[in-house]
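Below, chains carry the letters A, B, ... as their sequence lines are ordered, and counting in each starts from 1.
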Amino acid sequence: MPSTRGSFSGVVGEDGVQYSFAMEYSGPPVTFDIPKAVPIDVETIPVASVVAQVSLSDKLSLPVVQPILPLDNRSKMFSKELKLLGCEPTVSPTSVIDGHECVSKEITLGSEASVSPHSVTAFESGVTDNQDCVLSGELCRLGALEFSNGRYGSSELLEMVNVCQSRSSISHGNSHELVGGAGSSGMFEFSEGIGKSGELFGSSCELRASTDFGKENLDANISNPPDWASSESVLSLDRRSSEVSSFRSANGKNLSTSDFKRPVVTFRGVDTDSSVNEESSIFEAKNSGFQKEPYNEAKKGKGGSCYRCSKGNRFTEKEVCIVCDAKYCSNCVLRAMGSMPEGRKCVSCIGFPIDESKRGNLGKCSRLLKRLLNQLEIQQIMKAEKLCEANQLPPEYILVNGKPLSHEELVILHSCPNPPKKLKPGNYWYDKVSGFWGKEGQKPSQIISPHLSVGGPINADASNGNTQVYINGREITKVELRMLQLVGVQCAGNPHFWVNDDGSYQEEGQKNTRGYLWGKAGAKLVCALLSLPIPSKSANSCGEQVHNLDARAVPDYLGQRTLQKLLLVGHYGSGTSTIFKQAKILYKATPFSYEERENIKLKIQSNLYNYLGILLEGREHFEEETLADMRSNQSSDESSAAITSLSPLMTQGATDGNFAKTIYSIGPRLKSFSDWLLKAMALGNLDAIFPAATREYAPVIEDLWNNAAIQVTYSRRNELKMLPTVASYFLERAADILRTDYEPSDVDILYAEGVTSSNGLISMEFSFAQPEPDDSISTADQHDSLLRYQLVRVPARGLGENCKWLEMFEDVRMVIFCVALSDYDQFCIDGNGPPMNKMLLSRRFFESIITHPTFDQMDFLLILNKFDLFEEKIEDIPLSLCEWFDDFHPVTSRHRSNGNSSNINSNPTLGQVAFHYIAVKFKRLYSSLTGRKLFVSSVRGLEPTSVDSALKYAREILKWDEERINFTLSEYSIYSTEASSFSQ
Amino acid sequence: MANKEMSVTELREKHMAAAETVNSLRERLKQKRLLLLDTDIAGYARAQGRSAVTFGPTDLVCCRTLQGHAGKVYSLDWTPEKNRIVSASQDGRLIVWNALTSQKTHAIKLPCAWVMTCAFSPNGHSVASGGLDSVCSIFNLNSPADKDGNLPVSRMLSGHKGYVSCCQYVPEEDTHLITCSGDQTCVLWDITTGLRTSVFGGEFQSGHTADVLSVSINGMNSRMFVSGSCDTTARLWDTRVASRAVRTFHGHEGDVNAVKFFPDGNRFGTGSDDGTCQLFDIRTGHQLQVYQQQHSDNEVSHVISIAFSISGRLLFAGYSNGDCYVWDTLLAKVVLNLGSVQNSHQNRVSCLGLSADGSALCTGSWDTNLKIWAFGGHRRVI
């Protein structure tokens with residue numbers, strides 16, 4: 001801690017800024033790791049064979065623990081000195097030397113700065129930020145001040161030189177200063193800070209109070225705290241300040257030989273010339289020297305010194321930025337590179353592509369980092385470095401058969417069974433038939449997986465051969481020809497060979513296979529001798545694997561990019577879960593795992609018990625009713641009493657059997673089961689006792705179902721409001737389902753309620769099945785297969801206007817809104833109000849979703865689900881039952897062709913007419929609220945093809961959306977939005 | 001049938017009447033409180049001649065930027081020791097950071113990318129996360145990664161019927177965790193068994209009547225915790241008494257997005273959609289202070305997240321418009337706006353947390369970054 005405090009007080013002076021944060025963290029990582037590193041250093045140093053350096057690097061790591069006390073003293077001293085400087089120019093000699101030493105060093109460094117190539121680019125990007133600096137630079141003297149604040153000072157003195165040469169060249173100087181800034185972190189912040197300090201100085205300059213000026217200078221430093229604070233690592237501070245001491249001692253030796261003090265003198269001279277306040281400028285100069293000492297930002301490491309602290313030399317261990325080649329010593333690397341989200345890059349380099357020459361080093365950790373960080377941290381950095389998108393090989397740098405690759409092609413190339421080894425940017429040729437791969441103009445270097453759809457068609461002169469012998473349309477090289485001759489292939493008459501991936505070859509235009517290249521005696525030996533490639537052992541049946549997408553791991557960075565999220569929402573009962581299940585069954589090789597199936601089985605069985613319970617309850621109810629009817633017939637005078645005494649009579653009737661049996665009566669065994677089941681349901685613990693009960697009651701169920709009373713009740717199931725419509729599907733197979741060896745089929749799962757948890761969000765990733773590989777497949781289609789979709793179903797609950805989490809879905813590509821068409825005659829109780837039509841509830845929900853700010857400008861696909869049910873229902877129940885649809889007056893005649901053909905030429909069914917009517921209703925509603933077009937699709941959730949085509953429709957909408965930009969308006973019409981007709 | 005119908009209507013009437021009574025009593029209680037509450041903290045402090053905290057530019061500075069998430073950061077939590085941070089982001093990852101070196105130590109891919117909350121266990125060996133999948137997942141940081149390099153879920157706490165909006169480990173207890181959820185309940189979990197120990201709210205009358213968005217456990221007495229909900233109330237619970245809330249705190253006019261116990265354990269702060277932060281006393285049930293910044297336009301920006309400094313003198317509050325105020329809790333004055341200083345976040349601050357020793361503040365933002373702010377200057381820790 002004291003060391004931290006020391007360096008800060010060196011900056012802030014009288015304020016005595018302390019970083020309590022640092023105190024807490026003066027932690028193990030430093031003390032643990034660094035001692036380990038020392039022996040390693042010693043090992044490497046003999047290579048350097050410079051004695052002085054050895055001692056220096058030793059000091060680098062050693063003082064970590066020791067310098068705490070001495071540094072504390074030192075820093076106090078500094079702050080004292082600063083105060084002194086602030087008021088009077090009487091400075092202790094050592095500190096002056098320190099300052100000068102530092103400043104002068106920067107001067108020399110700064111003059112080199114313009115040489116480095118990448119500084120030029122930094123200059124370009126920095127130009128826009130110059131204005132602030134120019135402002136402050138109006139007073140030449142101030143140019144120096146801003147640098148002292150920016151502390152990116154390597155070139156600052158260079159600027160001073162410029163200033164002294166011609167004051168009009170300030171902007172030039174500024175650009176240099178920005179060059180300096182570029183090497184360090186946070187260039188933009190830096191220039192901002194400068195602007196600020198420059199203004200401050202401007203005001204202070206007007207005051208012209210020389211004594212105040214130094215103070216002002218200090219204040220200005222304080223005024224841009226983030227600038228320096230962000231660059232203060234507690235850890236590195238500890239170490240850096242420790243290094244300061246070593247650095248000082250090291251430089252102390254050199255000091256005598258160099259004329260380091262000179263520049264400061266000229267600097268002062270300049271200011272005197274510029275006839276501003278001489279005294280203040282002296283302070284500033286000195287101040288700047290002091291400030292920079294802890295973290296001066298020398299731009300170019302002269303002699304290999306650190307780009308940030310400009311200490312050390314080419315023998316000190318450093319970490320290199322994989323983008324800009326900046327080198328940082330162990331003290332600065334964590335500050336300069338931050339949390340390294342893309343590996344070892346300067347903070348300002350994040351997001352930029354890496355220097356290709358360093359690609360080989362990706363993911364290879366240096367000793368320096370290992371010393372600084374623990375194993376887990378290094379793992380994360382190296383993983384990020386290797387896998388992050390910005391560091392990937394740019395596909396356009398790789399040309400295969402003269403055509404730059406796309407991202408997807410590169411992935412194909414990388415993920416094939418035999419990928420090209422050590423792929424570097426360059427021109428390659430690829431023989432798709434045989435899998436030969438080589439650099440443009442050279443003999444083949446490798447045999448990779450054949451039949452990959454990457455690059456263009458191969459050229460005859462791909463390998464620059466001149467033998468007039470052709471293999472798969474490529475003129476082969478002399479070496480290859482020699483190989484062919486050696487293994488005994490007839491090459492007389494300049495034949496054109498056709499070589500397959502298995503090595504079989506034939507002459508062009510002939511049917512017969514002439515032989516197998518690799519089966520020939522000595523073929524592989526000859527190839528090895530001539531350094532020609534031989535097929536790798538695993539080269540087999542590649543064609544299969546190329547198309548099997550699930551087997552291939554799409555890299556994470558690409559996976560994220562190509563993943564298109566589809567949000568599936570709908571009111572309760574709209575069939576979203578059926579669609580989700582259907583999609584799972586459609587697109588997943590194994591839609592449900594074993595455990596899932598087991599759970600589903602249990603769920604279906606317990607559902608069935610529930611349905612039975614509802615039936616039994618209904619039976620009791622019907623029995624009561626019938627009994628009451630019978631009794632009221634018998635004794636009409638006691639009709640009023642019959643109602644009140646119904647239940648006691650009921651029990652009597654069941655136990656005594658005094659009353660005549662109704663058709664709803666059941667035997668005692670079934671009765672006891674019925675009582676048990678209803679009791680369990682009433683207590684709500686059916687789920688708790690359920691699995692054990694299955695075995696026990698399975699035989700009863702069969703009897704029960706076959707019982708006439710139950711069958712009669714079942715025939716009146718329409719009156720049982722609690723019984724869902726799907727119940728009949730399961731009830732009719734009750735006996736089968738309740739067997740312990742029952743295995744739910746996909747259809748069972750589709751019909752089952754509550755299989756997808758209605759509580760939470762569920763999602764699945766899928767890609768549409770690859771169409772059958774045939775000749776007509778264009779490469780574009782192949783790339784589509786890389787596109788992955790994520791279907792996300794969210795529960796409708798809580799999706800109100802004030803939904804807290806809907807904003808999480810701002811990155812979805814499309815919202816699929818589900819409405820059950822058959823809801824138009826359904827009512828449900830919403831809150832305390834009167835029952836509301838479910839279609840109107842859906843509409844309200846739809847309105848709230850489409851107008852939600854998160855889904856602004858989002859595509860919506862409306863799925864009108866349960867079309868099959870709807871078609872049945874509309875024949876009996878008029879659509880106008882829902883008040884929203886009261887103006888539905890179908891003009892079609894009742895006479896129409898039966899059958900399910902949706903051919904528009906034939907007369908549409910009433911259901912289709914009604915569907916279109918409802919679709920238009922929703923479309924109008926949508927466009928009135930959002931001014932955009934709504935996509936609508938009718939779906940029968942239980943039919944796989946129907947769901948498949950709806951989701952493919954969604955895909956087409958997305959695809960169309962993407963390509964809309966590329967096409968002019970007139971070409972829109974070419975694009976059919978029908979899923980099947982899309983090609984190219 | 002008829003008498004059944006009758007009883008239903010009767011019950012409904014009775015319920016209406018009871019609700020009426022409750023409301024009138026509540027109103028009387030409010031009036032009484034207003035009578036008793038003749039001053040607020042700020043008024044009293046001013047009367048005592050206290051002056052507001054002032055911050056120099058160096059007093060709270062950003063000293064680290066943790067980059068590495070690819071999506072909006074939604075939640076963060078510090079370890080009680082060792083200065084590690086776990087953060088949860090919309091990129092579907094939890095990242096465990098070393099706050100010292102600003103490096104990642106773990107990047108955990110979540111089974112459900114829509115994560116809303118995360119928490120560090122007291123011993124620092126595991127992290128918990130919850131989100132829209134309605135499950136709270138526990139990850140043991142020491143368990144080996146699978147072949148894809150992902151850390152497996154070591155325990156799934158499932159049972160909520162709505163999204164898990166917030167979770168916190170019971171201090172000093174690595175096996176107990178409290179979550180709150182969109183199903184209007186809070187749940188105390190036993191992590192070893194994966195079962196619910198108690199459920200707070202839900203079917204009970206004194207529970208929240210809307211989504212619960214936030215919980216905070218009393219640091220002084222870990223049996224007490226407070227929850228904030230979309231029903232505009234905050235409720236105080238005793239983990240031993242699941243049947244009813246100890247106290248219900250009214251006062252906000254919007255969803256209570258954040259609750260946080262005051263360091264002394266006798267008060268807690270809330271942040272709400274109505275744009276205010278409020279301070280409540282758990283013993284008297286009084287609202288002690290309202291922290292509200294008057295804006296020239298009538299745009300109310302929601303308070304998203306709050307945190308207290310170690311002494312309680314400062315209240316950090318992140319707002320939906322990107323502001324992040326540092327309030328002087330005593331004088332109800334804004335000391336600093338972290339949203340407008342240099343190096344500040346580019347988007348709203350969605351989560352806040354103080355390190356256990358109070359020396360640093362971590363903010364997570366929708367700009368995908370986290371920043372660590374350290375207290376500088378002579379005041380060291382405030």
Revision key, fill the gap. Whatever's closer than 4.5 Å to a heavy atom in chain B on A:Ile350 counts as side chain
Review point. Measuring heavy-atom distances to chain B, does A:Glu810 have an atom under 4.5 Å in its side chain, in its backbone, in both, or in neither?
Key: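 It is the side chain, since no backbone atom gets that close.
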Point to revise | Exercise: identify the closest heavy-atom pair between A:Arg335 and B:Cys63 | key: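 Smallest heavy-atom distance, with atoms named: NH1-O, 3.5 Å.
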Check your understanding: Taking all atoms of both residues into account, what is the closest heavy-atom pair of B:Ser102 and A:Ser339, and its distance?
Key ->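 That would be O-CB, 2.6 Å.
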Point to revise | Test side chain to side chain donor-acceptor pair (under 3.5 Å) applied to B:Thr65 - qualifying residues, sequence neighbours left out | key: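 B:Thr65 satisfies side chain to side chain donor-acceptor pair (under 3.5 Å) with B:Lys371 only.
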Gap separating the [atom1] atom of [X] from the [atom2] atom of [Y], nearest 0.5 angstrom:
X        : Y        : atom1 : atom2 : value
A:Trp805 : B:Asp211 : CH2   : CG    : 9.5 Å
A:Asn374 : B:Thr105 : CG    : OG1   : 7.0 Å
A:Met808 : B:Lys72  : CE    : NZ    : 8.0 Å
B:Leu141 : A:Leu376 : CG    : CG    : 9.0 Å
A:Leu334 : B:Gln103 : CG    : CD    : 6.0 Å

Practice item. Flag the pair B:Asp255 and A:Lys804 as a salt bridge only when some basic side-chain nitrogen lies within less than 4.0 angstrom of an acidic carboxylate oxygen. Key: yes
**Study point:** Any B:Trp114 side-chain heavy atom under 4.5 Å of A:Val792 side chain
**Key:**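 Yes. Closest side-chain heavy atoms under 4.5 Å.
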Check your understanding: Is there side-chain contact between A:Glu807 and B:Trp366, with heavy atoms separated by less than 4.5 Å?
Key ->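 Yes, close enough: below the 4.5 Å cut-off.
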Under 4.5 Å heavy-atom distance to chain A, tell me which part of [X] shows up: side chain, backbone, both or neither.
X       : answer
B:Ile95 : neither
B:Gln90 : side chain
B:His69 : neither

**Study point:** Neighbour count >12 (heavy atoms, 6.0 Å) for atom CD, A:Glu765
**Key:** yes
Point to revise | Summary of salt bridge (Lys or Arg N to Asp or Glu O under 4.0 Å) pairs that have at least one residue in residues 375-386 of chain A, sequence neighbours excluded | key: A:Arg344-A:Glu385
